[in-house]
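Below: one structure, written as structure tokens.
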Amino acid sequence: MPAATNKADLRAVAIKEFAKLIELCADVTPEQAAFVHQDTTIKDVIGHRAHWTELFLGWYQDGQAGKTVYFPAKGYKWNELKRYNAALRESQANLTWDDVQTMLHDSHAKLIDFIDSLDDAALYGGPMKGANNDWTTGRWAEAAGPSHYRSAAKYIRAVKRATA
């Protein structure tokens, strides 16, 4: 699927992929959400997706403020994602299935508000400030939202097959 190149398409794909993910989550039981498949759980994946949307929004804010943007987070490099994600799972371990679903809904609402607050030029007119690469703000937003929603949906379908 080609990446969005304008605000309308970005908003549409974010809403579409979120709806698909929420539909898949609708009948997931707390037991299914806690089932370990490929070293993680549905609850972990949903908590992760909510967290990464928040990370993206923080990256954008820091870049706009002229602050140092830490990718993926302060004290971590991209090649340390396994360590970062393990620490994230540990920090979210006490959250319930309901908690992470609420987090996902909240982070998605913030993402849509964010998209709505910018125009095409701000989203796609050039690299995201502070990102130190050529990706536009819109491309980063798509990676943090719709792309993550798609991969979470793929994982949930795999768990549902494994637990059927």
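This structure is a prediction, so every number in the text was calculated from the model and none was measured. Side-chain atoms are counted along with the backbone in the values below, which use heavy atoms only and exclude waters and symmetry mates.
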Side chains of Leu21 and Leu104 in contact at under 4.5 Å (non-hydrogen atoms) | yes

Applying side chain to side chain contact (heavy atoms under 4.5 Å, CB included), run through Ile42 and Ile46 and close with a yes or a no.
-> CA-CA 6 Å; Ile42 291 173; Ile46 296 302; 4.2 Å; yes

Please report the shortest heavy-atom distance between Asp27 and Leu24, naming the atom on each side.
-> OD1-O, 3.3 Å

Output for pair (Asn132 CG, Thr68 OG1), nearest 0.5 Å, gives 9.5 Å

Shortest non-hydrogen contact from Ser91 to Leu88?
-> OG-O, 2.8 Å

Verify same cluster id: Leu81, Phe56 (apolar side-chain graph, 4.5 Å) | yes

May I have the step-by-step check of side-chain hydrogen bond (donor to acceptor under 3.5 Å, both in side chains) for Thr136 and Arg139, ending in yes or no?
-> CA-CA 5 Å; Thr136 64; Arg139 183 66 190 98; over 6 Å; no

d(Lys74 NZ, Asp62 CG) to nearest 0.5 Å is 10.5 Å

Starting at CG of Asn85, measure out to CG of Asp39 and round the result to the nearest 0.5 Å.
-> 12.5 Å

Pair Tyr84-His48, ring pair (Phe, Tyr, Trp, His ring centres under 6.0 Å): steps then yes or no | CA-CA 11 Å; Tyr84 181 82; His48 174 273; 8.2 Å; no

Verify salt bridge (charged side-chain N to carboxylate O under 4.0 Å, His left out) between Glu80 and Lys77, making sure each step is shown before the conclusion.
-> CA-CA 5 Å; Glu80 298 175 302; Lys77 296 177 184 172; 5.9 Å; no

Taken in chain and number order and not counting sequence neighbours, the residues that satisfy ring-ring contact (aromatic ring centres under 6.0 Å, His included) with Trp140 are Trp59, Phe71, Trp135

Taking all non-hydrogen atoms of both residues, which atom of Ala33 and which atom of Thr41 are closest, and how far apart?
-> O-CB, 3.2 Å

Near Asn94 CG, under 6.0 Å, is it more than 12 heavy atoms from other residues, nucleotides or ligands?
-> no

Between atom CD1 of Ile22 and atom SG of Cys25, what is the distance when rounded to the nearest 0.5 Å?
-> 5.0 Å

Lys43 (side chain) donor-acceptor with Pro30 (main chain) under 3.5 angstrom = no

Would you say the side-chain atoms of Tyr155 pair up with the backbone N or O of Thr40, donor to acceptor, closer than 3.5 Å?
-> yes

Exercise: identify the closest heavy-atom pair between Ala152 and Arg49 = N-NH2, 3.6 Å

Would a distance-only check, ignoring hydrogens and angles, find a side-chain to backbone donor-acceptor pair under 3.5 Å from Gln64 to Gln61?
-> no

Heavy atoms only: give me the nearest Ala141-Pro146 pair and the separation to one decimal.
-> O-CD, 3.7 Å

Check: Thr137 and Lys129 side chains under 4.5 Å, non-hydrogen atoms | no

Between Gln92 (side chain) and Gly47 (backbone), is there a donor-acceptor pair under 3.5 Å?
-> yes

Backbone N or O of Ala144 within a donor-acceptor pair of the Thr53 side chain at under 3.5 Å?
-> yes

pair Trp97-Thr29: side-chain heavy atoms closer than 4.5 Å = no

With the side chain counted from C-beta on, respond yes when Ile156 and Val45 share a heavy-atom pair under 4.5 Å apart, and no when they do not.
-> no

Which pairs with one or both residues in residues 90-117 pass salt bridge (Lys or Arg N to Asp or Glu O under 4.0 Å), sequence neighbours excluded?
-> Arg11-Asp116, Glu54-Lys110

ring-ring contact (aromatic ring centres under 6.0 Å, His included) contacts in which one or both residues fall within residues 2-33, not counting sequence neighbours = Phe18-His105, Phe18-His108, Phe18-Tyr149

Begin from the C-alpha positions of Glu23 and Lys20 and carry the test salt bridge (charged side-chain N to carboxylate O under 4.0 Å, His left out) through to its verdict.
-> CA-CA 5 Å; Glu23 184 177 336; Lys20 288 180 185 179; over 6 Å; no

Within the 6.0 Å centroid threshold, strictly below: Tyr70 and Tyr76 | no

What is the distance from atom OG1 of Thr163 to atom CD of Glu31, rounded to the nearest 0.5 Å?
-> 11.0 Å

From OG1 (Thr5) to CG (Asp120), nearest 0.5 Å | 8.0 Å

Please tell me if the side chains of Ser107 and Trp52 come closer than 4.5 Å, counting only heavy atoms from C-beta onward.
-> no

Give a yes or no answer on whether the side chain of Glu142 reaches the backbone of Leu10 with a donor-acceptor pair at less than 3.5 Å.
-> no

Atom of Leu118, atom of Lys7 and distance for their closest heavy-atom approach | O-NZ, 2.7 Å

